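So the structure is just underneath, and the comments pick up after that.
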Amino acid sequence: MSSIVQNLKALGGVKLSILALTFAGTLGAVLFGLGAVMAPTYAALYSELSPASASRIVSSLEQAGFRVRVSPDGSLVSVPQEDIPRARMVLADSGLPTDGMPGWELFDGANGMGMNTFLQKVTRLRALEGELARSIQTINGIEAARVHLVLPEREAFARHRPEPSASVIISAGSGGAIGRRQGAAIRALVASAVPDLVPQRVTVLSANGETILGDDADGAGESALHSRQSEIEDRIARKITDILNARVGVGNARVEVNVDLSTVRQVTRSERFDPEGQVVRSTETREQTSRDQQPGGPEVGTAGNLPPFDAGVVAGSGAVAESQVTGETINYEIASTLTETVAEPGAIQRISVAALVDGVYSEGEDEALVYAERDEAELERLAQLIRAAIGFDAARGDMVSVDSLQFVTVSHELDGPVGGGFGQLVQTYLPSVLRGVFALILVVAVLAFGVRPVVRMLLEAPQPNAQIGADGADPVAIADGGAQVQQLPQGDPSTLGQPGMVLGPGATTMDGTVQIAAVQGGVSRQAIESAGGLVTERPELATQAVQNWLSKPA
């Protein structure tokens, strides 16, 4: 320790200042590198938060001792990845985050003594709306929901009570769409939860301003048609994509579906007669008999002028005519079919499918991937599968087109999916890896080029040197640089001129001087080498000096 203190004192003020600055910079670089290496990786705890919810979450986490980061817009709260489970438990214990609007917990802290009837009704309405919104958000594909209830009261002396109504605004998740099926489920949920509310009085809207289900029972408005069209297209596209992925691989197929829906209500009536299916409906038989007798001429005389007294006796004789008519009428019923067809708006009129699949990659020379398009036979088989999946109808005008083209982004692995994999992992973790590697390189460089030379210089032990001078000896005067060597060392004079020889008990300093016990200050190495050369050139003088040293009594 004493040698270190002596060496520090010998450096001087300027060198000590430089050494102190070097040590401070080295320490700062080491601390920065260690901090970068040991810095935690933050992961998202909750996203898409309102400013009020984010403020409560951050306050609770900071009070619990967690390190928290908040995005610039205040909607994303992040904590170190290893602290996510504990942070969620702490927030759950505090009742955070709140799932949408508050529900029946509004009555938890309410004091019934200080709440009048109006406040109770308003709070009950708010609680019911919040609970319904929470229930709606549990449906798959729905990210947020708001419910507005109108529960009118019966006025005094009124015969009828106004019917309640409700409106629901829903927001789908990223890339999702709300269809009529989900809208019908939401309508049934709200109608069942509110007393005396009929489903037709519930209006369901989307966040885009489209009316999914309106006041009409069928909900066959223009916006409903668009929603139904999108739902049908998405469903058909998913079915086709699943079939193609089984053959060409995940991510190697792109499918677009266009469905034309009818927008008018059509009623078609048709009647068809079957002549082979005649049936006797009624039979009518008629029979008629008639007899006609012509009277004879009257007798001349008195008897001819008198009326006949006996009907059976006819005066004179005439011609008699008799006739008989028989007829039959048969009525037949012809079999007929009466058909009435009603086509509501939203019926599928035509389906068009366009499918694009990637080609085939094989390993060529130098392990390079060679692209080749799929043959026509394979494309035709894929088209047949698509036709079977969509219920192809040529009379309806359906179209299916399948083509093979090279994708812009391809996988470098044979028969592997496009995207994801190792490239995505590298993109995700590359910043953290580079930060750690840079910090390690910085720490190693500082330790190797900054700390190591300083420590070696401070801890270098002094080397023993030959003793110079003796009491009563005749010195050989050599002057150089203001330092005076008073006596030559004992020993072989020829060795004094060897380069690199260190004289005295001291060590060689950084400025090229040698510390000698018999000399105040340092002696230049060049002066010592000059003295060695002088002894070599004039050995007689050196011999005489040595003899004087030896003959002088101690």
Side-chain angles (χ1 to χ4, degrees), residues 48-50 53 97-104 106 121-153 161-238 257-265 342-348:
E48 299 182 1
L49 297 171
S50 62
S53 299
T98 57
D99 298 333
M101 300 177 60
W104 295 114
L106 292 173
K121 292 181 180 180
V122 173
T123 306
R124 176 179 176 274
L125 181 62
R126 291 180 56 198
L128 186 58
E129 292 176 347
E131 292 295 334
L132 287 174
R134 291 181 181 180
S135 300
I136 293 172
Q137 289 178 7
T138 59
I139 301 176
N140 292 334
I142 296 179
E143 182 179 359
R146 285 183 63 89
V147 179
H148 301 277
L149 299 178
V150 179
L151 304 178
E153 296 182 358
R161 180 179 180 179
E163 295 182 0
S165 61
S167 59
V168 182
I169 302 176
I170 53 180
S171 175
S174 58
I178 305 299
R180 295 182 68 251
R181 180 176 59 85
Q182 292 174 317
I186 294 172
R187 167 181 280 184
L189 172 65
V190 176
S192 301
V194 180
D196 301 330
L197 179 60
V198 294
Q200 290 76 14
R201 299 280 294 174
V202 179
T203 302
V204 182
L205 307 174
S206 67
N208 297 330
E210 299 179 356
T211 302
I212 300 176
L213 292 178
D215 293 338
D216 54 334
D218 297 333
E222 183 179 357
S223 59
L225 288 178
H226 289 305
S227 300
R228 174 174 170 78
Q229 180 180 1
S230 300
E231 182 180 357
I232 295 175
E233 291 176 350
D234 293 341
R235 184 175 68 251
I236 295 177
R238 286 195 301 267
V257 179
N258 184 22
V259 177
D260 294 337
L261 302 180
S262 62
T263 58
V264 296
R265 186 176 186 268
V342 179
E344 299 291 344
I348 298 177

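As the structure is a computational prediction, the values presented were derived from the model and not from experiment.
In plain terms, the two heavy atoms of Val198 and Ala191 that are nearest each other are C-CB, 4.2 Å. Counting all heavy atoms, side chain and backbone alike, Pro152 lies closest to Pro164 at CD-CA, 3.9 Å. Residues Ser192 and Ala188 share a closest heavy-atom pair of OG-O, 2.8 Å. The shortest non-hydrogen separation linking Ala166 to Leu197 is CB-CD2, 4.0 Å. Between Arg187 and Val202, the closest heavy-atom pair is NH2-O, 3.0 Å. Smallest separation of non-hydrogen atoms from Ala172 and Glu143: O-OE1, 3.4 Å.
Between Glu129 and Leu125, some side-chain heavy-atom pair lies under the 4.5 Å cut-off. Side-chain contact between Leu151 and Arg124 is present, with at least one heavy-atom pair separated by less than 4.5 Å. Annotation: side chain of Val342 is in contact with side chain of Arg265 (closest heavy-atom distance under 4.5 Å). Side chains of Leu132 and Val194 form a contact here, defined as non-hydrogen atoms less than 4.5 Å apart. Between Val168 and Ile212 there is no side-chain heavy-atom pair separated by less than 4.5 Å. Looking at Val204 and Thr211, their side chains never come closer than 4.5 Å, going by heavy atoms from C-beta outward. With a 4.5 Å cut-off on side-chain heavy atoms, Ile136 and Ile170 count as touching.
Rounding to the nearest 0.5 Å gives a distance of 11.5 Å between CD1 of Ile186 and CD1 of Ile169. The line from CD1 of Ile232 to CG of Asn258 is 11.5 Å long, rounded to the nearest 0.5 Å. A distance of 8.5 Å separates OG in Ser165 from CG in Leu149, rounded to the nearest 0.5 Å. To the nearest 0.5 Å, atom CD1 of residue Ile348 and atom CG of residue Asp260 are 10.0 Å apart. Note that the CD atom of Gln137 and the OG atom of Ser171 stand 9.5 Å from one another [nearest 0.5 Å].
The closest donor-acceptor contact from the side chain of Glu233 to the backbone of Val259 lies under 3.5 Å. Formation of a donor-acceptor pair under 3.5 Å by the Ser262 side chain with backbone atoms of Pro345 is not found in this model. Although no hydrogens or angles enter the test, the distance criterion places no donor-acceptor pair under 3.5 Å between the side chain of Gln182 and the main chain of Ile139. Checked by atom type and distance alone, the side chain of Thr138 pairs as donor or acceptor with a backbone atom of Ser135 at under 3.5 Å.
In this structure, Arg235 has no salt bridge (charged side-chain N to carboxylate O under 4.0 Å, His left out) partners at least two apart in sequence or on a different chain. For Asp234, there are no salt bridge (charged side-chain N to carboxylate O under 4.0 Å, His left out) partners two or more places apart in sequence or in a different chain.
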- request: Step by step, work out the salt bridge (Lys or Arg N to Asp or Glu O under 4.0 Å) result for Glu153 and Lys121.
  value: CA-CA 11 Å; Glu153 296 182 358; Lys121 292 181 180 180; 2.6 Å; yes
